[in-house]
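Everything below concerns the one structure shown next.
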Amino acid sequence: MTDWELRQAAARGETTPVSPVGWLRIVARALALIALIVVFVPLHYLYRTVSYGSPFPMLFLRYAARVCGARVTVHGTHLKRDVFFVANHVSWVDILALAGASGTAFVAKAELAEAPVVGWLASLNRTVFVKREHRMGVAEQINALKEALVDNWSVTVFPEGTTTDGKSLLPFKTSMLSVLEPPPPGVLVQPVIVDYGPVAEWIGWIGEEGGLNNAKRVLSRKGTFKVALHYLEPFSPEDFKGRKAISQESRRRIEEALVEILGRPLRPFAHTVPPVRYQAKTEAAD
C-alpha cells in the first residue's frame with residue numbers, strides 16, 4: 001500500500017501495519033522519551049515543591065517533539081504571559097511543539113488523555129481535557145483554565161474541537177472562550193497557526209483512527225518532519241464584545257494567514273465531526 005492508501009485506511013479506523021524497521025524506530029523513540037522522563041519529571045516535581053511556573057515541562061516537551069521527529073520553527077513572536085493562544089489543530093504533536101516553544105498549558109480533547117505517554121505528560125503541563133461525554137461542566141472547565149493561566153501564564157485552546165488535516169479549518173466552538181467573559185485584566189488573545197506543510201495529512205489524527213494507531217504511525221515514520229508555528233498579531237478581547245465575537249475575529253485572522261501560507265483556498269473537511277455540547281455534571285449523570 002502507498003502512504004496515501006495507508007493514511008486513508010487509518011482514517012477509516014483500520015490498524016496500520018508496521019515493518020520491523022518501523023518497530024525499531026518506535027522502540028528507539030520510546031526509550032529516548034523514557035530517558036527524558038527520567039531526567040525532567042523529577043526536576044519538575046522538585047521545582048513544584050517551592051514554586052509555580054516550572055520550566056521543566058516546557059523543556060521536556062521541546063525535546064520530546066524532536067524525539068518524535070518534529071523540527072519546530074517559530075515565525076513571529078509569542079507573548080510570554082497573560083495570553084490566551086487560539087490555534088488550529090492537526091495532531092497531538094501540536095501540543096509538544098507549542099508547549100516546547102512557549103510553555104503554554106492546553107485545552108484538548110479527552111482522547112488525548114488516553115494516548116500512551118503523551119496524555120500523562122500533557123497532564124503535567126495542566127492540560128484541561130474536554131470530554132465528549134459531557135462529564136465535566138462548563139464552570140469546572142473555566143476554573144481549570146483560570147488555574148492553568150495562573151500557573152503557566154498562558155493557555156492554548158483548539159476551538160475547532162477536533163483535529164483536522166492541515167488543509168481545512170472547521171467552525172470555532174466558543175464554550176472554552178467563556179473564560180474571556182469578562183476578560184481577565186491584562187490578558188490578550190494571540191491567534192496561532194500550526195503548519196506541517198506537505199506531511200500534514202500524514203501526521204493528522206483524523207477520521208476514526210485511534211490514538212494508539214496514530215502514535216504508532218508517527219513514531220514509526222522514517223526521518224523528520226517540519227512544524228512551523230506562526231504567531232499572529234495579538235489583540236485585546238476587550239475590543240470584541242463576548243466570546244462569539246472573539247472567536248470570529250480569531251478565526252478570521254487564522255483563515256486569512258493559513259490561506260496565504262498554503263497558497264490556495266482552504267478545502268472542506270472530509271470527515272464528519274460530532275458536535276461537542278457541554279452540560280452540568282449532574283445533568284450528565286442523569
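Because the structure is a prediction, the values reported are computed rather than measured.
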Original post:
Side chains of Phe158 and Lys173: does their closest heavy-atom pair fall under 4.5 Å?
Top reply: no

Subject >> Min side-chain heavy-atom separation Val189-Glu249 under 4.5 Å >> reply: no

Subject >> Any side-chain donor near an acceptor of the partner, Thr104 and Thr156, under 3.5 Å >> reply: yes

Subject >> CG-OG1 distance between Leu229 and Thr73, expressed to the nearest 0.5 angstrom >> reply: 7.0 Å

**OP:** Flag the pair Glu201 / Asp165 as yes when at least one side-chain heavy-atom distance between them is below 4.5 Å, and no otherwise.
**Re:** yes

Original post:
Would a 4.5 Å heavy-atom cut-off, applied to side chains only, mark Trp205 and His89 as touching?
Top reply: no

Original post:
So with a 6.0 Å cut-off around CD of Glu256, is the heavy-atom count from everything else above 12?
Top reply: yes

Original post:
Counting N and O atoms only, with roles assigned by atom type, does the side chain of Arg251 sit under 3.5 Å from a partner on the main chain of Leu170, one being a donor and the other an acceptor?
Top reply: yes

Original post:
Do the side chains of Val41 and Phe60 get nearer than 4.5 Å, heavy atoms only?
Top reply: no

Original post:
Is there a donor in the side chain of Thr15 and an acceptor in the side chain of Asn213, or the other way round, less than 3.5 Å apart?
Top reply: no

**OP:** Could you tell me whether Tyr63 atom OH has more than 12 heavy atoms of other residues or ligands within 6.0 Å of it?
**Re:** no

Subject >> Aromatic ring proximity Phe56/His44, centre distance under 6.0 Å >> reply: no

**OP:** With the side chain counted from C-beta on, respond yes when Val194 and Val227 share a heavy-atom pair under 4.5 Å apart, and no when they do not.
**Re:** yes

**OP:** Check whether any side-chain heavy atom of Leu177 sits under 4.5 Å from a side-chain heavy atom of Phe84, and report yes or no.
**Re:** yes

**OP:** Decide yes or no for Arg66 and Arg71: does some side-chain heavy atom of the first lie under 4.5 Å from some side-chain heavy atom of the second?
**Re:** yes

